[in-house]
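One structure is given below, encoded as structure tokens.
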Amino acid sequence: MSEAVVASHLRENPYELAKSQLRKVGDVFSIDANLIRVLSQCKKAVEVSIPVAMDDGSVEVFAGYRVTHNIARGPSKGGIRYHPDVTLDEVKSLSMWMTWKCALMALPFGGAKGGVVCDPKSLSASELERMTRRYTSEIINDIGPERDIPAPDVGTDGRVMAWIFDTYSMNKGHSVLGVVTGKPLSIGGSLGREEATARGSLYCIQALSVKEGKRVSDYTVSIQGFGNVGAHLARLLHGEGATVVAVSDSRGGVYNPMGIDIPAALAHKQEAGTLTGLANADPVTNEELVELECDIFAPCALEQVVTEENADRVKATIVCEGANGPVTPAADAILEDRGVLVLPDVLANAGGVIVSYFEWVQGLQEYFWREDEVNAKLHDIVGRAFEETWQTRASRDTTMRMAAYGIAVQRVAEATTTRGLYP
Ligand code: NAD
């Protein structure tokens with residue numbers, strides 16, 4: 001009997017897409033072709049095998065990756081993804097986007113990403129812990145507070161970060177707070193980190209609402225993905241009075257044009273482990289959710305959700321990329337032609353890496369800030385990056401994505417030129 005093969009969310013090679021975006025930025029911003037060639041490649045890609053003793057006595061071997069795209073502006077920074085569809089090229093594309101995101105936010109970091117090909121939902125807590133600790137051991141010489149600093153991404157959370165922190169620290173013989181961010185508060189996490197990505201998205205939407213002469217409460221929003229980014233974004237937007245008409249997780253979504261009761265949805269997800277069956281809402285598929293009538297569509301799950309096949313059916317006038325790479329370049333062109341404004345990933349979901357930066361700084365100083373200080377500093381950085389992107393979009397007569405990537409790539413190119421090519 002053959003096993004059912006679940007189609008990957010990756011229809012196109014994401015690394016090729018990231019490189020084609022970079023070439024376009026190079027053209028639009030007249031960046032030296034030599035530099036674009038350098039920045040098209042990842043500095044280092046580590047591939048490891050992770051043997052794990054399973055609870056039933058068998059041994060499974062998982063494939064893991066850690067990729068550093070660039071360190072011209074500082075140590076590399078980026079999340080670790082646990083998902084069955086992880087590929088080396090996906091990790092490379094995500095690491096390149098991290099370089100641009102950190103540069104756009106003017107953080108002293110380069111870009112990195114990691115991943116393990118696994119289905120974390122099918123692993124017991126002890127299997128997950130053994131897998132995480134072995135993966136950490138395999139990449140232990142590649143990570144570190146001055147070298148490369150992981151964080152959570154799809155399928156990982158504070159608990160996984162705690163195991164990485166502990167494994168690294170045990171091997172060094174002392175606690176190394178700066179090796180990983182997104183840690184629980186009890187072991188050096190930062191206040192505000194958990195919801196920071198969504199809070200950054202909210203600040204972008206607020207800044208855009210001011211440009212449009214509106215208030216956040218004027219918007220209707222549909223949100224795909226109900227994990228760290230999507231669920232917090234739904235909660236924060238609901239709190240600001242926006243009407244969240246649809247939310248979804250990997251099993252499907254729920255829709256109510258009058259607005260979903262978000263506190264009830266959060267409680268239902270917590271209890272039932274799914275959004276399905278939520279009262280006062282109709283079921284909706286993830287494919288339908290992309291095309292719902294609303295002002296803002298916020299993809300907060302995986303890449304390549306809006307493609308050339310469905311871009312002309314997106315009804316939202318604003319797409320806020322909570323996820324990384326949810327709109328393909330071909331879809332981008334269609335949305336641009338149709339006048340849809342895309343708040344690009346490197347801007348719209350940068351709140352996570354910003355507060356990760358704060359956590360790293362606090363860990364190095366062993367001095368921790370209040371939550372209102374964290375949020376105020378986050379607001380400053382996102383607000384400044386939004387304004388720079390908005391101005392560049394106007395002065396270059398281009399899209400928010402091209403403007404954001406252009407600012408970022410120019411900063412990395414300048415750092416690379418200033419440092420000079422070694423040797
Ligand atoms: P998560 O694992 O906490 O949540 C992912 C959510 O997406 C879950 O609700 C899951 O059920 C849902 N999902 C999975 N497959 C889906 C599918 N095919 N269709 C619809 N929903 C699906 O992950 P996260 O940390 O919230 O990350 C989500 C996205 O945001 C990713 O693209 C990630 O790279 C990006 N991101 C995360 C952070 C962060 O701080 N966690 C920061 C920046 C960007």
Side-chain angles (χ1 to χ4, degrees), residues 6-11 14 77-86 90-91 93-95 97-98 100-102 105 111-115 118-121 150-161 180-183 189-190 192-201 204 222-235 246-254 265-266 269-270 273-276 284-290 297-306 320-327 343-357 359 378 382:
V6 180
S8 165
H9 62 282
L10 300 171
R11 300 159 205 215
K77 188 90 190 74
I80 290 174
R81 179 171 293 195
Y82 286 177
H83 194 277
D85 298 344
V86 164
E90 181 189 42
V91 178
S93 66
L94 291 164
S95 73
W97 289 325
M98 282 307 296
W100 311 146
K101 195 181 300 179
C102 293
M105 298 299 139
K113 207 81 184 190
C118 67
D119 177 5
K121 285 183 208 154
D153 191 75
V154 175
T156 57
D157 54 15
R159 185 178 55 153
V160 172
M161 297 307 114
V180 71
T181 59
K183 299 184 293 297
S190 174
R193 173 61 185 90
E194 165 102 19
E195 64 175 42
T197 307
R199 189 168 277 285
S201 306
C204 285
S222 68
I223 300 176
Q224 185 185 64
F226 208 64
N228 176 283
V229 183
H232 282 299
L233 184 59
R235 182 178 59 76
V247 289
S248 74
D249 60 22
S250 58
R251 294 187 221 172
V254 286
L266 290 163
K269 172 84 180 171
Q270 176 87 22
T274 171
L275 288 162
T276 311
V284 66
T285 67
N286 270 302
E287 291 72 31
E288 289 164 345
L289 189 141
V290 177
F297 168 52
C300 300
L302 297 170
E303 304 96 308
Q304 301 181 19
V305 170
V306 185
C320 176
E321 293 188 329
N324 288 304
V327 177
L343 291 172
D345 42 16
V346 294
L347 175 64
N349 70 34
V353 74
I354 294 169
V355 179
S356 272
Y357 166 57
E359 181 177 332
L378 171 64
V382 172

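Order of listing sets the numbers, starting from 1, for every ligand and every atom in it. Sequence positions, counted from 1, serve as the residue numbers for this chain. Worth saying up front: this structure is predicted, and the values here are computed from it rather than measured.
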If we count only N and O atoms by modelled type, under 3.5 Å, do the side chains of Arg81 and Thr156 hold a donor and an acceptor together? no
Whether the Asn228 and Asp157 side chains hold a donor-acceptor pair (N or O, under 3.5 Å, no angle test) is what I'd like checked. no
From Leu275 CG over to Arg251 CZ, what is the distance, rounded to the nearest 0.5 angstrom? 9.5 Å
Separation between CE (Met105) and CH2 (Trp100), nearest 0.5 Å, reads 14.5 Å
Less than 3.5 Å apart, N/O on ligand 1 and N/O on the protein: could you list those pairs with the distances?
from: ligand 1; atom 1: 2 (O); to: Gly155; atom 2: N; distance (Å): 3.0
from: ligand 1; atom 1: 3 (O); to: Asn228; atom 2: N; distance (Å): 2.9
from: ligand 1; atom 1: 9 (O); to: Phe226; atom 2: N; distance (Å): 2.9
from: ligand 1; atom 1: 9 (O); to: Gly227; atom 2: N; distance (Å): 3.1
from: ligand 1; atom 1: 11 (O); to: Ser250; atom 2: N; distance (Å): 2.9
from: ligand 1; atom 1: 11 (O); to: Ser250; atom 2: OG; distance (Å): 3.4
from: ligand 1; atom 1: 19 (N); to: Asn286; atom 2: ND2; distance (Å): 3.4
from: ligand 1; atom 1: 26 (O); to: Asn228; atom 2: N; distance (Å): 3.1
from: ligand 1; atom 1: 26 (O); to: Val229; atom 2: N; distance (Å): 2.9
from: ligand 1; atom 1: 30 (O); to: Gly322; atom 2: O; distance (Å): 3.4
from: ligand 1; atom 1: 32 (O); to: Ala301; atom 2: O; distance (Å): 3.0
from: ligand 1; atom 1: 32 (O); to: Asn324; atom 2: N; distance (Å): 3.1
from: ligand 1; atom 1: 34 (O); to: Arg81; atom 2: NH2; distance (Å): 3.1
from: ligand 1; atom 1: 34 (O); to: Asp153; atom 2: OD1; distance (Å): 2.6
from: ligand 1; atom 1: 34 (O); to: Asn324; atom 2: ND2; distance (Å): 2.8
from: ligand 1; atom 1: 40 (O); to: Arg193; atom 2: NH1; distance (Å): 3.4
from: ligand 1; atom 1: 40 (O); to: Arg193; atom 2: NH2; distance (Å): 3.2
from: ligand 1; atom 1: 40 (O); to: Thr197; atom 2: OG1; distance (Å): 2.7

For Glu303 and His9, test the side chains for any donor-to-acceptor distance below 3.5 angstrom and give the result as yes or no. yes
Contacts of Asn286 that satisfy side-chain contact (heavy atoms from CB on, under 4.5 Å) - sequence neighbours left out: Gln224, Ser248
